[in-house]
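Below is one structure; the comments refer to it alone.
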Amino acid sequence: MPELPEVELVAKSLNKLVSGRKIVSSELKRERLSPNETIKSFSKKLKGSTINYVHRRGKHVLFDLNSDQTLLTHLRMTGRFLLLPTERELPKHSHAIFYFEDETRLIFQDQRHFGLMKIIETKSLLETKELKDLAPEPFSDEFNPKYLKEVLAKSKRPLKEFLLDQTKVCGLGNIYVSESLFISKINPKIFANDVPSRKIEPLFQAIRGVLAESISHGSTLNVDPENIDGSYYGGDYENHWRVYGQENEPCINCKTKIKRIVQAGRSTFYCPKCQK
DNA sequence: ACTAAAGCCTGGCTGC
DNA sequence: TGCAGCCAGGCTTTAG
C-alpha cells in the first residue's frame with residue numbers, strides 16, 4: 001500500500017526512466033480514472049507533450065510537462081506504473097497508457113480502481129483541490145515539533161485518526177501511523193489534544209525516522225520490461241514492521257502480545273504495555 | 001464546523 | 001469443488 005516512502009521511490013524511478021520522453025499519444029481506458037476528462041480530452045491535452053521531470057507531493061506523483069501542464073496521479077491502494085514495450089500484451093486493469101516515440105509505453109495499472117489522474121495547468125498546481133490543503137512535507141523545515149504541537153492542540157480526534165489526516169501530517173498511511181506510535185510509545189487511542197508535551201518531540205522523530213528508514217530499505221520500482229510479474233516496489237521494508245500486521249505476536253521490547261483494534265474502520269496495531 | 005460512516009473496487013482468503 | 005462472505009485501506013462524499 002503506497003504511503004510516502006513508496007510514492008517517493010515511484011516518483012524517483014519514473015523521473016529517471018521517463019524524463020525527456022515525448023508522449024506521442026495516450027489512451028484513457030477507464031474514464032473514471034480521470035473524472036475531469038473524457039477519453040478524447042485526456043488524449044488531446046497530453047498529445048505531443050514532453051515530460052520535463054517527475055516529482056512527488058504527499059502521496060501524489062506529478063509529471064511536469066513542457067506544455068505547462070502537470071499530470072497529477074494518485075496510486076491509492078493498488079495503482080502502479082509499468083514501462084513496457086508496445087508489443088507486450090497489456091496487463092489486466094490497465095487504465096491509462098502513454099505511448100512514447102521509442103516503441104515503449106507507460107501503463108497505469110490499478111486493480112481496485114481507486115487511483116486518480118488529473119491534468120492541471122502547472123501555474124495553478126498548488127491551488128488544485130488535491131494539493132492545496134496538504135500538510136507540510138515531513139522532511140521540510142516547516143514540519144517541526146512546534147508545528148506538530150500546534151495542530152495536535154486543535155484536534156479532539158484519536159491520535160491514530162489524526163495522523164492519517166493528510167491536511168495535518170502528510171505522507172503517513174495506516175502502516176506508518178502504527179509504526180510511528182509504537183516507536184514513540186504513545187497509545188493510538190489518546191486524543192490528539194491530550195498528547196503530553198514531552199511526547200511531541202519523540203513523535204516527530206518517530207514519524208521522520210520511520211519514513212526515512214523505509215525509503216532506505218526500498219529499492220527501485222520494478223519497471224523491468226522482462227520482469228513484469230516481479231515485485232513492484234522492491235525493497236523489503238515489510239519485513240521490518242515492528243507492530244503492523246503482528247497481532248498476537250510478542251512485542252519486540254517487552255514480549256507482550258501485540259493487539260489489533262479497529263479505529264475509523266481500520267486496523268491499528270500496538271503494544272498495550274509499551275504504549276500506555 | 002465538526003465527526004462518523006458509507007462508498008468506491010478486486011482478489012485472496014476462510015469457512016461451510 | 002464451489003460459493004458466500006469478509007477483509008485489505010486512501011480518500012471522498014454523504015449523513016448526522
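Below, chain A is the first sequence line, B the second, and so on; all start at residue 1.
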Strictly by modelled atom types, are [X] and [Y] linked by a side-chain donor-acceptor pair under 3.5 Å?
X        : Y        : result
A/Thr86  : A/Arg105 : no
A/Thr128 : A/Lys118 : yes
A/Thr122 : A/Thr70  : yes
A/Ser214 : A/Tyr176 : yes

Fill in: Note, A/Phe100 side chain near A/Val18 side chain (heavy atom, < 4.5 Å)
yes
Item to complete: Check whether any side-chain heavy atom of A/Ile183 lies under 4.5 Å from a side-chain heavy atom of A/Ser180, and answer yes or no.
Response: no
Response to the item:
Nearest-nucleotide check on DNA chain B, A/His93 vs A/Ser155; residue mapping nearer the 5' end is A/Ser155
Item to complete: Walking along DNA chain B from 5' to 3', note the first and the last nucleotide with an atom under 4.0 Å from a heavy atom of chain A, and give both.
Response: B/dT3 to B/dG11
Discussion item. Is it true that, when you exclude A/Asp141 itself, more than 12 heavy atoms of the residues, nucleotides or ligands shown sit nearer than 6.0 Å to its CG?
Written reply: no
Worksheet item: For C/dC7, does either OP1 or OP2 sit under 4.0 Å from a side-chain N or O belonging to A/Arg260?
Response: no
Discussion item. Categorize A/Lys92 for me: base, sugar-phosphate, or nothing, with a 4.0 angstrom heavy-atom threshold over every strand shown.
Written reply: sugar-phosphate
Practice prompt. Going 5' to 3' through nucleotides 11-16 of chain C, assign each nucleotide B (protein heavy atom under 4.0 Å from a base atom), S (under 4.0 Å only from sugar-phosphate atoms) or - (no protein heavy atom that close).
Written response: BS----
Worksheet entry | Aromatic centroids of A/Phe63 and A/Phe81 separated by under 6.0 Å | yes
